[in-house]
Structure formats: C-alpha cells, structure tokens
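Just the heavy atoms: all of them, side chains too, but no hydrogens, waters or symmetry mates, feed the values below.
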Amino acid sequence: MRLALILLSLLALPVMADVQDVRVWQSPDKTRLVFDLTGPHEHKIFTLNNPERVVIDVSNAKMKSSVEGLDTQSTSIRSIRTARRNQNDVRIVIDVTEPVNASSFPLVPNNVYSNHRLVVDLERIQEARVVAPVKKADSYEDNKRDIIIAIDAGHGGEDPGAIGHGRTKEKHVVLAIARELERLLKAEPGFTPYMVRTGDYYIGLRERTSKARKANADFFVSIHADAFKYPSASGSSVFMLSDRGATSEAARWLADKENESDLIGGVSLEDKEDHLAMTLLDLSMTNKRKESMKLGNHILERVGHVSKLHKKQVEEAAFVVLKAPDIPALLVETGFISNPQEARKLADSGYQKKMARAIYSGVTEYFRDHPPHGTLLAAQKGSAPVFSTYVIRSGDTLSEIAVRNGIAIADLRKANGLKNDSLRVGQRLKIPNS
C-alpha cells in the first residue's frame with residue numbers, strides 16, 4: 001500500500017519541460033515560431049488586444065534560451081518577452097504588429113529533431129490581398145491564355161527534408177531547381193509559372209495542391225531529392241499518383257463535395273447522387289493519370305540526359321501532394337541526396353540548372369504537342385480545334401463525356417451549340433481534340 005502511494009505521488013510530480021531554443025519562419029500567409037523543449041509539456045495560448053499580443057504559458061518550465069537577437073524582420077512580430085509566472089511556469093508574450101489568429105500544436109522527437117517541439121502559428125486576420133488567378137478560356141475563340149505550370153519545391157522551413165552528404169538540405173536544393181525552372185518558363189512564350197513555395201517556409205501537402213488549383217494550374221510538378229538508408233542508392237525518378245491513391249482520394253473528395261463547386265472540368269458535384277459523383281471523380285482522375293503518364297515520360301527522357309535514372313519508367317505511388325482530381329501531377333525525385341556523389345552534384349548550382357532545364361524541356365515539349373483548349377499554343381498549332389465524333393448511348397450524360405475526354409463541359413456545349421445538358425440516344429456529339 002505504501003509503495004502504491006509512493007508511486008502515485010511520483011506520477012503526480014510536475015513534468016519539467018524547459019524551453020531550450022526558438023526559431024522563426026515567415027511565409028506569405030503566416031509567421032511560425034518553433035520552441036524546442038526538453039520534454040513533453042502542457043501549455044495555454046491566447047490573444048490580447050490594445051495592444052495586440054499573443055500570450056503562451058508553458059507549465060512547469062524554465063526559459064533556457066534568450067529571445068534577444070531573434071530575427072523577426074518582415075514578420076508580424078514586433079518583439080518577444082519572457083517572464084516567470086506562478087513560480088513554476090514560463091510566460092512568453094509576443095507583441096504583434098497587427099491582429100492575428102494564434103494556433104499551436106506539439107511535435108514529438110523524430111529522426112531530424114531530437115527535442116519535443118511546440119509550434120505556434122500567427123495568421124493575419126486582415127483580409128489577405130487576393131491575386132486573381134489566370135482566367136481559363138471560356139471558348140475556342142479566346143485562344144489567348146498561357147499554360148499555367150505550378151512548381152512545388154518540397155519541404156521548407158522547419159521541415160528540411162532529407163539531409164545528405166555535407167549537411168546538404170533537400171529543401172534548399174529543390175527550391176533552387178524550382179526557381180530556375182520558374183525563370184525558364186517565364187521566358188517561354190505561352191507559359192506562366194506559378195511558384196507554390198517562394199521561400200524557406202513549410203506548406204502542408206494538401207495546401208500545396210489547393211494553391212495550384214486556385215491558380216488554375218494546367219500541370220503540377222513537385223520537386224524533391226530522394227534519400228535511402230543505403231548510400232549506394234542513386235538516380236532520378238518520376239512518380240505519378242497510383243491507382244490505389246486515386247481511388248482513396250476520389251472517396252475523400254466525394255465526402256467533401258458539398259464544399260466544392262465546379263470541381264472537375266466545370267462539373268459541379270453538389271447536385272449529383274453519390275454514385276454518379278464517384279463515377280465522375282474516377283473518370284476525371286483516370287484521365288489526369290493518363291496525362292500525367294505522358295508528361296512523365298517526356299520529363300523522364302530529358303532527365304535521363306542529365307542524370308542516371310533510378311527506374312526507366314514512370315513509377316506510381318500514393319503521394320498526398322499528387323492527389324488533385326483535376327490537374328495532371330507528377331513528383332520528380334532529382335536524385336539521392338543520401339548518396340555522397342549525387343549530393344555533391346545536387347548542391348552544385350550548375351547541376352541544379354541542368355536538372356531544371358531537363359524538367360522544363362519535358363514540360364514544354366509535351367504541351368506543344370498537347371496544348372490545352374483556349375491557349376496560345378493551341379492557337380499556334382491550328383486556328384480551329386480538331387473534332388472527333390461520339391454517338392450518345394443510353395445512360396450517357398454530358399458531364400461524364402466531358403470528364404472522360406478531359407475537357408470543360410462549357411467547351412463541349414460550345415462546340416455543339418448546346419443550350420442545356422439534355423442528350424438523346426443516337427445524337428452525335430463533336431468532341432474537341434487537343
């Protein structure tokens with residue numbers, strides 16, 4: 001009995017979780033602070049007004065690191081102060097330059113960070129300046145717009161990605177390649193690059209895809225540098241979304257369909273029965289996977305002139321960042337940063353430019369052969385679209401036909417002079433080909 005009481009009293013002792021270090025990361029949307037702690041902890045976070053500030057109370061802790069000299073320029077932070085509270089706790093007061101939404105979450109140790117961490121995000125409340133996405137063409141007569149390429153540099157900020165020979169960090173390598181790819185596409189008539197990550201900060205995987213969709217991207221390419229437990233592993237790879245990943249993602253999108261309108265090719269899922277909505281999503285993702293495979297082969301061929309290939313075909317995996325139902329998407333592993341020879345190459349600016357040019361060549365070659373409807377490249381390829389003919393069968397819907405052929409439903413209506421979506425068996429539809 002006495003032993004049990006002693007054990008209970010030991011369990012009741014407060015856990016000390018001292019704050020050892022603080023880091024700040026700034027993205028276009030928010031300021032992120034990361035506190036390193038010596039162990040698991042309890043904390044509270046709240047905001048105060050007049051003046052605007054965020055308060056964090058860490059229980060049973062001491063401040064072992066100074067916040068003086070912390071670089072907070074170009075962030076929402078005016079200053080940071082710390083003090084003892086209730087003899088046992090640490091109070092951290094963050095004076096901010098504007099109203100913010102403050103949120104926080106803990107992180108346990110991993111193979112990169114040996115400490116427990118507390119992550120605090122300060123997101124601006126004021127209405128963000130919205131950059132209007134590039135408008136997609138409404139009809140074939142537009143034939144003006146650029147092809148939009150979303151370039152996603154993996155990892156960033158608190159997430160360095162793989163760390164290779166000479167402490168080379170994946171996040172820096174892939175951002176350099178992405179910036180060079182952006183530069184090349186900016187100089188190419190008919191193309192507009194959209195950088196998903198523009199600096200050293202982290203973006204969630206689904207947020208990356210969401211940003212590309214909001215930018216009306218025609219193609220999404222995520223750039224990475226691989227790592228493996230054996231340093232002998234080498235070579236570049238190109239991945240597309242696997243069948244299994246596409247199926248699970250279609251189910252997730254279906255569950256969220258009430259929050260989405262005009263999700264795929266101008267087809268809203270809001271008024272569709274679940275089985276029809278799932279069919280439309282499956283068709284859309286199958287079509288986009290076919291496009292991804294063709295694009296991937298172009299990129300793989302070009303990358304093979306710069307680097308050894310890990311696999312000579314486009315591989316498939318259920319990467320979350322590839323799970324967009326309406327955008328062809330690929331993940332390019334530019335090499336194994338865990339391989340000393342490849343790490344040295346990947347850290348070299350000249351090699352980074354060669355890799356970027358290889359991706360650029362593959363992308364531009366594909367889209368010159370398969371320009372999306374209503375683009376400058378489509379107009380240059382031929383002033384009028386080429387049509388194939390489809391005969392309507394029982395059970396066909398305009399939505400399914402549009403998604404199956406990878407075109408906007410508005411384009412299908414326009415090509416056939418349709419005022420609504422009504423079809424009749426035996427009716428002949430003109431299907432625009434790219």
Side-chain angles (χ1 to χ4, degrees), residues 1-27 29-125 155-161 163 169 171 200-204 207:
M1 182 68 175
R2 185 176 178 183
L3 177 60
L5 288 172
I6 292 172
L7 288 172
L8 285 172
S9 64
L10 288 172
L11 290 171
L13 288 173
V15 177
M16 299 296 291
D18 296 338
V19 181
Q20 289 187 313
D21 197 13
V22 188
R23 293 179 296 283
V24 178
W25 309 96
Q26 181 62 37
S27 76
D29 305 319
K30 63 190 173 188
T31 302
R32 169 166 286 188
L33 295 97
V34 181
F35 298 87
D36 287 338
L37 296 109
T38 56
H41 71 284
E42 293 182 1
H43 76 277
K44 294 179 181 178
I45 184 169
F46 54 94
T47 57
L48 296 172
N49 308 110
N50 299 319
E52 302 291 339
R53 56 206 188 279
V54 177
V55 180
I56 307 162
D57 288 332
V58 184
S59 302
N60 301 309
K62 295 178 182 177
M63 197 73 191
K64 294 294 185 69
S65 173
S66 172
V67 292
E68 292 182 11
L70 203 61
D71 185 6
T72 58
Q73 288 188 350
S74 304
T75 73
S76 299
I77 300 171
R78 179 178 287 113
S79 63
I80 303 178
R81 299 172 276 130
T82 65
R84 297 292 294 159
R85 178 180 177 272
N86 297 336
Q87 302 300 315
N88 296 318
D89 304 343
V90 168
R91 168 159 285 188
I92 303 167
V93 180
I94 305 169
D95 297 304
V96 290
T97 59
E98 58 190 326
V100 296
N101 280 323
S103 59
S104 62
F105 58 91
L107 289 174
V108 298
N110 58 27
N111 59 357
V112 176
Y113 295 98
S114 58
N115 289 330
H116 286 260
R117 287 170 291 161
L118 168 61
V119 179
V120 175
D121 285 334
L122 310 179
E123 194 164 1
R124 294 184 177 94
I125 291 178
H155 308 280
E158 188 70 3
D159 174 17
I163 299 176
K169 293 181 179 178
K171 66 175 183 177
D200 189 11
Y201 53 87
Y202 180 74
I203 304 175
E207 187 182 352

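- For the salt bridge (charged side-chain N to carboxylate O under 4.0 Å, His left out) condition, the pairs that include at least one residue of residues 81-94, sequence neighbours left out, are D57-R85, D57-R91, R81-D95, R85-D89.
- In this structure, the separation between CG on N88 and NZ on K62 is 9.5 Å, given to the nearest 0.5 Å.
- Taking H116 as the reference, nothing meets the ring pair (Phe, Tyr, Trp, His ring centres under 6.0 Å) condition, with sequence neighbours excluded.
- Under the salt bridge (Lys or Arg N to Asp or Glu O under 4.0 Å) criterion, R78 pairs with no residue, sequence neighbours left out.
- Of all non-hydrogen atoms in E98 and S76, the two that sit nearest each other are OE2-OG, 3.2 Å.
- Each salt bridge (charged side-chain N to carboxylate O under 4.0 Å, His left out) pair with one or both residues in residues 34-48, not counting sequence neighbours, appears once here: R23-D36.
- Between T31 and V24, some side-chain heavy-atom pair lies under the 4.5 Å cut-off.
- For Q20, the side-chain hydrogen bond (donor to acceptor under 3.5 Å, both in side chains) test picks out N115, with sequence neighbours left out.
- Residues passing the salt bridge (Lys or Arg N to Asp or Glu O under 4.0 Å) test with D121 are K30, R32, sequence neighbours excluded.
- Scored by the side-chain hydrogen bond (donor to acceptor under 3.5 Å, both in side chains) test, Y202 finds no partners at all (sequence neighbours excluded).
- Looking only at side-chain heavy atoms (C-beta outward), L118 and S104 come within less than 4.5 Å of each other.
- Shown here are the side chain to side chain contact (heavy atoms under 4.5 Å, CB included) partners of N110, two or more places apart in sequence or in another chain: V112, Y113, R117.
- Applying the side chain to side chain contact (heavy atoms under 4.5 Å, CB included) criterion to T47, with sequence neighbours excluded, gives V54, A102.
- The minimum heavy-atom distance between P40 and A17, with the atom names listed, is O-CB, 3.3 Å.
- In terms of heavy-atom proximity, E158 sits nearest to P160 at O-CD, 3.2 Å.
- Here I80 contributes atom CD1 and T72 contributes atom OG1; the two are 6.5 Å apart, rounded to the nearest 0.5 Å.
- In this view, T82 and M63, V67, I92 satisfy the side chain to side chain contact (heavy atoms under 4.5 Å, CB included) rule, not counting sequence neighbours.
- In this structure the side chain of E207 reaches within 4.5 angstrom of the side chain of D29, judged on heavy atoms.
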>> Is there a side-chain contact (heavy atoms from CB on, under 4.5 Å) between V100 and I94? Walk through the geometry before answering.
In response: CA-CA 11 Å; V100 296; I94 305 169; over 6 Å; no

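- Sorted by first then second residue, the ring pair (Phe, Tyr, Trp, His ring centres under 6.0 Å) pairs that include residues 42-81, not counting sequence neighbours, are H41-H43.
- In this structure, OG in S65 is found 11.0 Å from CG in L37, a value given to the nearest 0.5 Å.
- By the salt bridge (Lys or Arg N to Asp or Glu O under 4.0 Å) test, K64 is found to be paired with D18, residues two or more places apart in sequence or in another chain being considered.
- No side-chain heavy atom of I56 sits less than 4.5 Å from a side-chain heavy atom of L33.
- Among all heavy-atom pairs drawn from Q26 and S74, the shortest one is CG-O, 3.3 Å.
- By the 4.5 Å heavy-atom criterion applied to side chains, D200 and K171 are counted as neighbours.
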